[in-house]
Amino acid sequence: MFSRLRSDIQCILDRDPAARTAWEALTCYPGLHALVLHRRAHWCWNHGFKWLGRFISHVSRWATGIEIHPGAKIGERVFFDHAMGVVVGETAEIGDGCTIYQGVTLGGTSLYKGAKRHPTLGRDVVVSAGAKVLGGFVVGDGAKIGSNAVVIKPVPAGATAVGIPARIIPSKMGESADVTTSPKFSAYGITLDDDPIGQAMKGLIDNASSQEHQIALLWQAIEKLSGSQTAMNKDCVPKDAALTETFEADKLNQLVGK
């Protein structure tokens with residue numbers, strides 16, 4: 001028990017630069033208190049003391065602002081950072097090394113008792129503030145859930161899910177799309193990669209700009225060729241031909257956040 005508690009405290013010190021000492025983490029971090037109480041509630045739940053497990057969970061919710069059903073399974077070194085308003089459902093599973101921020105819901109979309117209704121988080125998953133992960137699917141190891149994302153389908157390992165409903169930014173070269181390479185942990189799951197819809201818009205803008213450039217070059221070439229021919233052929237370039245580029249690609253990229 002004490003070994004696990006030391007591990008929990010150390011993961012807080014590793015991931016939260018505001019944590020100064022082990023004593024501060026032990027006494028002032030509601031996420032740690034919620035974990036300790038959940039382990040008692042989970043033990044009671046698994047040993048047939050259902051009401052007592054729910055009561056301990058209820059007391060924990062009142063004391064910490066974090067609601068974890070006693071039936072939920074939580075691994076080692078899980079860190080609930082701030083975590084006010086977090087809700088973890090009965091059949092949810094949280095893998096080792098996960099980090100969950102405030103306002104997160106690991107919820108279910110089914111009303112069938114006994115069914116797997118809530119998500120399973122793999123190892124080292126980061127679920128950012130306000131995110132909702134809804135359903136009995138798997139979020140792969142090392143995945144990131146962006147702030148306020150609504151995830152309703154599986155997330156591959158190392159990928160990042162953003163938006164409503166969440167869209168998937170796949171990992172590159174088998175690595176997660178973290179904002180930093182060292183240390184591996186990235187607070188709030190921030191990523192250097194952009195929203196996939198924004199990436200698609202940037203691709204369309206760049207393609208349109210390239211096409212206008214090519215068309216302008218073609219008209220310029222035709223104008224030169226017509227100038228070297230007889231007077232009869234000099235009118236082959238229309239008056240409204242775009243001999244110069246007017247497409248404002250940079251301005252449009254700024255509008256879509258690029």
Side-chain angles (χ1 to χ4, degrees), residues 1-12 15-16 19 25-141 143 145 149-152 154-155:
M1 180 181 71
F2 291 106
S3 176
R4 192 171 188 181
L5 184 61
R6 283 194 295 268
S7 177
D8 291 334
I9 292 173
Q10 188 58 50
C11 84
I12 292 174
R15 297 182 216 169
D16 187 1
L26 179 63
T27 56
C28 300
Y29 275 71
L32 177 61
H33 305 156
L35 275 177
V36 172
L37 289 171
H38 170 72
R39 287 171 189 148
R40 275 76 180 159
H42 187 65
W43 185 93
C44 291
W45 184 266
N46 288 337
H47 288 79
F49 302 103
K50 304 293 187 183
W51 179 87
L52 183 57
R54 287 304 303 266
F55 183 76
I56 294 173
S57 173
H58 182 68
V59 171
S60 175
R61 176 179 180 269
W62 174 80
T64 67
I66 302 167
E67 181 172 346
I68 308 174
H69 192 282
K73 299 177 181 178
I74 300 180
E76 306 283 344
R77 304 181 309 283
V78 173
F79 180 27
F80 289 91
D81 193 0
H82 303 294
M84 176 64 73
V86 165
V87 176
V88 180
E90 177 185 5
T91 62
E93 299 179 36
I94 302 175
D96 297 343
C98 290
T99 303
I100 298 176
Y101 289 91
Q102 64 271 19
V104 166
T105 298
L106 303 183
T109 56
S110 168
L111 298 179
Y112 296 105
K113 290 186 177 181
K116 172 63 173 170
R117 309 188 309 277
H118 304 91
T120 295
L121 307 186
R123 298 170 60 91
D124 302 318
V125 172
V126 176
V127 188
S128 301
K132 315 301 176 187
V133 188
L134 309 174
F137 52 81
V138 174
V139 177
D141 295 348
I145 309 298
V150 178
V151 184
I152 55 175
V155 180

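Atoms considered below: every heavy atom in the structure, side chains included; atoms not considered: hydrogens, waters and symmetry mates.
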Check your understanding: Just by modelled atom types, is the G135 backbone N or O under 3.5 Å from a matching donor or acceptor in the T109 side chain?
Key -> no
Revision key, fill the gap. Between I9 and A25 the two heavy atoms that sit nearest each other are CG2-CB, 4.0 Å
Review point. How many angstroms lie between OG1 in T105 and NE2 in H118, if you round to the nearest 0.5 Å?
Key: 10.0 Å
Check your understanding: How far apart are the closest heavy atoms of P119 and V133, and which atoms are they?
Key -> CG-O, 3.6 Å
**Study point:** Between CD1 on residue I100 and CZ on residue F80, distance to nearest 0.5 Å
**Key:** 4.5 Å
Check your understanding: Roughly how far, to the nearest 0.5 Å, is the CG atom of L26 from the CG atom of L5?
Key -> 6.0 Å
Practice item. Would you kindly say whether Y29 and D81 are connected by a side-chain donor-acceptor distance under 3.5 Å? Key: no
Exercise for review: Decide if atom CZ of F49 counts as having more than 12 heavy atoms of other residues, nucleotides or ligands within a radius under 6.0 Å.
Suggested key: no
**Study point:** Check: A72 main-chain N/O paired with H42 side-chain donor or acceptor under 3.5 Å
**Key:** yes
**Study point:** I94 vs V125, side-chain contact (heavy atoms from CB on, under 4.5 Å): CA-CA, chis, key distance, verdict
**Key:** CA-CA 9 Å; I94 302 175; V125 172; over 6 Å; no
**Study point:** Contacts of E67 that satisfy side chain to side chain donor-acceptor pair (under 3.5 Å) - sequence neighbours left out
**Key:** R61
Practice item. Before giving the answer on ring-ring contact (aromatic ring centres under 6.0 Å, His included), spell out for H58 and W62 the whole-Å C-alpha distance, their side-chain angles and the decisive distance to 0.1 Å. Key: CA-CA 6 Å; H58 182 68; W62 174 80; 8.8 Å; no
**Study point:** Closest approach of I12 to A19 (non-hydrogen atoms, all atoms of both residues)
**Key:** CG2-CB, 4.0 Å
Review point. Hey, is the main chain of K73 close enough, under 3.5 Å, to the side chain of H38 for a donor-acceptor pair?
Key: no
Review point. With side chains defined as the heavy atoms from C-beta onward, is the minimum distance between R77 and R15 less than 4.5 Å?
Key: yes
Exercise for review: Please list, chain by chain and in numerical order, all residues satisfying side chain to side chain donor-acceptor pair (under 3.5 Å) with H69, sequence neighbours excluded.
Suggested key: none
Exercise for review: Over all heavy atoms of both residues, which pair between A83 and I66 is shortest? Give the atoms and the distance, please.
Suggested key: O-CG1, 3.2 Å
Exercise for review: Considering non-hydrogen atoms only, spot the tightest contact between G53 and A41 and give its length.
Suggested key: O-CB, 3.4 Å
Practice item. Of all the heavy-atom pairs spanning P70 and W45, show the shortest one and how long it is. Key: CG-CE3, 3.6 Å
Review point. Taking only residues two or more places apart in sequence, or in another chain, which ones meet W51 in a ring-ring contact (aromatic ring centres under 6.0 Å, His included)?
Key: F55
Check your understanding: How about I152: does its CD1 atom have over 12 heavy atoms from other parts shown lying under 6.0 Å from it?
Key -> no
Check your understanding: When rounded to the nearest 0.5 angstrom, what is the spacing between SG in C98 and CD1 in I145?
Key -> 10.0 Å
Point to revise | Residue pairs, two or more places apart or on separate chains, that pass salt bridge (charged side-chain N to carboxylate O under 4.0 Å, His left out) and touch residues 125-134 | key: none
Check your understanding: So do the side chains of I74 and I68 get within less than 4.5 Å of each other, counting heavy atoms only?
Key -> yes
Point to revise | Polar side-chain atom of H47 near backbone of W43 as donor-acceptor pair, under 3.5 Å | key: yes
Revision key, fill the gap. Residue pairs meeting salt bridge (charged side-chain N to carboxylate O under 4.0 Å, His left out), one or both in residues 96-118, sequence neighbours left out, come to E90-R117, E93-K116, D96-R123
Review point. How far does CG of L52 sit from CZ of R40, to the nearest 0.5 angstrom?
Key: 12.5 Å
Exercise for review: Name all residues meeting the side chain to side chain donor-acceptor pair (under 3.5 Å) criterion together with D8; count only those two or more places apart in sequence or in a different chain, and write none if there are none.
Suggested key: R39
Exercise for review: Among V87, V151, V88, V139, find the residue that satisfies the side-chain contact (heavy atoms from CB on, under 4.5 Å) test when tested with L106.
Suggested key: V88
Check your understanding: Which distance, rounded to the nearest 0.5 Å, do you find between the SG of C44 and the CZ of R54?
Key -> 13.0 Å
Review point. Short question: side chain of T64, backbone of S60 - any donor-acceptor pair under 3.5 Å?
Key: yes
Review point. So, do F79 and L32 sit near enough that their side-chain heavy atoms are less than 4.5 Å apart?
Key: no
